[in-house]
*Asks:* 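Sharing a structure, written as structure tokens. Questions coming.
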Amino acid sequence: MVSVGKFYDLLQSNGISLFTGVPDSLLKDFCAYVTDNSPKEQHIIAANEGAAVGIAAGHHLATGKVPLVYMQNSGIGNAVNPLLSLADEKVYSMPILLVIGWRGEPGGGHDEPQHVKQGLVTLPLLDTLGIPCQVLDSDEATALRQASDVISSCKASSKPHAIVIRKGTFGKYKLQREARNDYPLSREEALKIVVSRLAEKDMAVSTTGKLSRELFELREALGQGHGKDFLTVGSMGHSSSIALGIALEKPERRIWCFDGDGAFIMHMGAISNIGALAPGNFVHVVFNNGAHESVGGQPTLGFNMNIPAIAQSCGYKTAVTLTTQEEIEAFFNRLPALPAPALVELRVRIASRDDLGRPTTTPIENKKAFMQNLK
């Protein structure tokens with residue numbers, strides 16, 4: 001395995017001092033090391049991968065240096081536009097080093113269904129984008145030579161290059177600056193309270209990560225089946241848009257979006273459409289723990305912003321922040337009489353069960369059951 005400390009030192013020795021991106025489970029040890037060893041102005045956890053490329057471009061323009069952008073391979077899609085229309089050698093020709101976690105690598109063992117296709121096309125996609133890439137070897141000496149060569153080529157050609165990271169490439173490193181809070185409820189505890197208030201005809205769209213896994217297990221425990229929930233196992237940040245599309249077509253049913261703070265921030269512009277169209281059957285619940293918990297616990301900016309105020313400024317009719325069971329229960333008793341769209345920010349602590357399972361139904365099975373219930 002490759003020491004994240006030695007990899008970081010190699011980057012620093014080559015003049016790379018700006019790190020930005022969206023955390024990934026395969027890169028969590030590297031991201032943790034960067035968090036603990038870089039000043040906050042030099043390590044920016046971006047709203048999304050495209051924004052990270054923009055930040056990197058600005059850093060290059062200001063310093064002439066090579067910046068580093070990290071992401072899961074699912075984030076390449078968010079980054080395609082600025083990579084091609086900004087950083088590409090036929091436009092502004094900017095040397096940006098991409099470090100990409102290879103989820104769903106063919107032959108790399110079992111992975112979740114949302115990663116399978118992305119894993120298949122990762123290297124061909126980078127080739128189509130004209131981005132030279134190197135899959136990092138697990139042997140440390142070889143890996144450091146490879147990384148040094150990629151950086152040299154990136155500088156010489158003044159265009160984006162990629163280093164692709166397989167599962168298990170990096171050695172373990174525990175984050176010291178771990179995001180923490182002391183809110184009384186865990187996300188799962190808050191979710192149980194919310195689900196208990198759903199009416200018979202209500203439908204829910206849940207975001208990627210542990211929240212959807214907790215929702216699936218809660219429905220199992222209650223013996224309720226899964227046809228009333230659309231589990232957005234991928235497509236981070238798009239659950240609210242999916243829920244909006246449903247709400248507009250099914251005005252007679254209340255549609256819930258169970259969102260996370262990282263996902264809400266990633267594509268926050270979506271709430272402008274929700275506010276403008278103002279569906280009266282839309283309830284947006286943001287479970288905010290201030291962390292990208294599913295991929296290593298890196299902090300988000302969830303606690304640095306006034307989410308209800310943002311929602312209200314975009315046209316939501318009701319918007320509140322709640323933290324305790326008593327507050328949640330009291331609010332949901334009043335919810336049917338309140339105007340919608342409504343946003344409920346639930347501030348929760350960072351906590352999840354070690355034995356938390358994963359959905360046992362396939363995405364296609366989930367889609368069919370959900371659509372059948374919508375009829």
Side-chain angles (χ1 to χ4, degrees), residues 2 4 7-8 10-12 14 16-60 63 65-84 86-87 94-103 115 118 122 125-126 129 131 133-134 136 147 150-151 154 160-167 169-170 173 175 177 179 208-209 234 236-237 260-263 265-268 290-302:
V2 181
V4 289
F7 185 69
Y8 178 84
L10 174 72
L11 298 170
Q12 292 273 296
N14 279 275
I16 296 176
S17 59
L18 187 282
F19 301 86
T20 183
V22 177
D24 165 47
S25 57
L26 300 191
L27 303 178
K28 65 180 180 180
D29 301 293
F30 171 68
C31 291
Y33 193 90
V34 173
T35 298
D36 285 339
N37 290 276
S38 292
K40 64 179 182 179
E41 296 82 7
Q42 297 297 308
H43 180 209
I44 303 168
I45 298 176
N48 59 61
E49 295 81 1
V53 174
I55 293 167
H59 174 79
H60 173 69
T63 66
K65 295 181 178 180
V66 176
L68 184 146
V69 174
Y70 58 81
M71 67 183 75
Q72 186 180 107
N73 53 349
S74 61
I76 296 173
N78 283 334
V80 165
N81 180 277
L83 284 172
L84 290 182
L86 175 66
M94 295 184 176
I96 296 174
L97 180 64
L98 309 175
V99 175
I100 302 171
W102 195 358
R103 293 296 301 270
H115 296 300
Q118 189 71 55
T122 294
L125 180 56
L126 290 170
L129 296 174
I131 298 175
C133 71
Q134 172 68 62
L136 204 68
V150 171
I151 296 168
C154 186
H161 281 54
I163 294 176
V164 177
I165 308 297
R166 289 185 164 116
K167 183 178 180 180
T169 297
F170 285 132
Y173 179 83
L175 180 65
R177 300 185 195 173
T208 187
M236 181 173 171
D261 48 305
I265 293 168
M266 178 168 278
H267 293 298
M268 192 160 54
H292 288 284
E293 186 187 357
S294 296
V295 290
Q298 303 290 330
T300 71
L301 296 176

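Since the model is a prediction, treat every value here as computed from it, not as a measurement.
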*Asks:* Apply the side chain to side chain contact (heavy atoms under 4.5 Å, CB included) test between Asp24 and each candidate in Gln298, Gln72, His292, Met71; give the one that qualifies.
*Replies:* Gln72
*Asks:* Ignoring hydrogens, what is the shortest heavy-atom contact between Asn48 and Met266? Give both atom names and the distance.
*Replies:* ND2-O, 3.0 Å
*Asks:* According to side chain to side chain contact (heavy atoms under 4.5 Å, CB included), who are the partners of Leu125, at least two apart in sequence or on a separate chain?
*Replies:* Ile76, Gln118, Leu129
*Asks:* Give, for atom CD1 of Ile45 and atom CD1 of Ile265, the distance between the pair rounded to the nearest 0.5 Å.
*Replies:* 10.5 Å
*Asks:* Quick one: list whatever passes side chain to side chain contact (heavy atoms under 4.5 Å, CB included) with Ala52, sequence neighbours left out.
*Replies:* Thr20, Ala46, Val69
*Asks:* Applying the side chain to side chain contact (heavy atoms under 4.5 Å, CB included) criterion to Ile131, which one of Ile96, Leu83, Leu84 satisfies it?
*Replies:* Leu83
*Asks:* Please enumerate all residues that pass side chain to side chain contact (heavy atoms under 4.5 Å, CB included) together with His59, with sequence neighbours excluded.
*Replies:* Ser17, Leu18, Gln42, Thr63, Lys65, Pro67
*Asks:* Can you sort out the partners of Tyr173 under side chain to side chain donor-acceptor pair (under 3.5 Å), two or more places apart, ordered by chain and number?
*Replies:* Asp36
*Asks:* Which atom names give the shortest non-hydrogen contact between Cys154 and Leu97, and what distance separates them?
*Replies:* SG-N, 4.3 Å
*Asks:* Which residues pass the side chain to side chain contact (heavy atoms under 4.5 Å, CB included) test with Thr208, sequence neighbours left out?
*Replies:* Met236
*Asks:* Looking at residues at least two apart in the chain, or sitting in another chain, which of them share a ring-ring contact (aromatic ring centres under 6.0 Å, His included) with Phe7?
*Replies:* Phe30, Phe170
*Asks:* Can you give me the closest heavy-atom contact between Ser38 and His43, atom names plus distance?
*Replies:* CB-CB, 4.1 Å
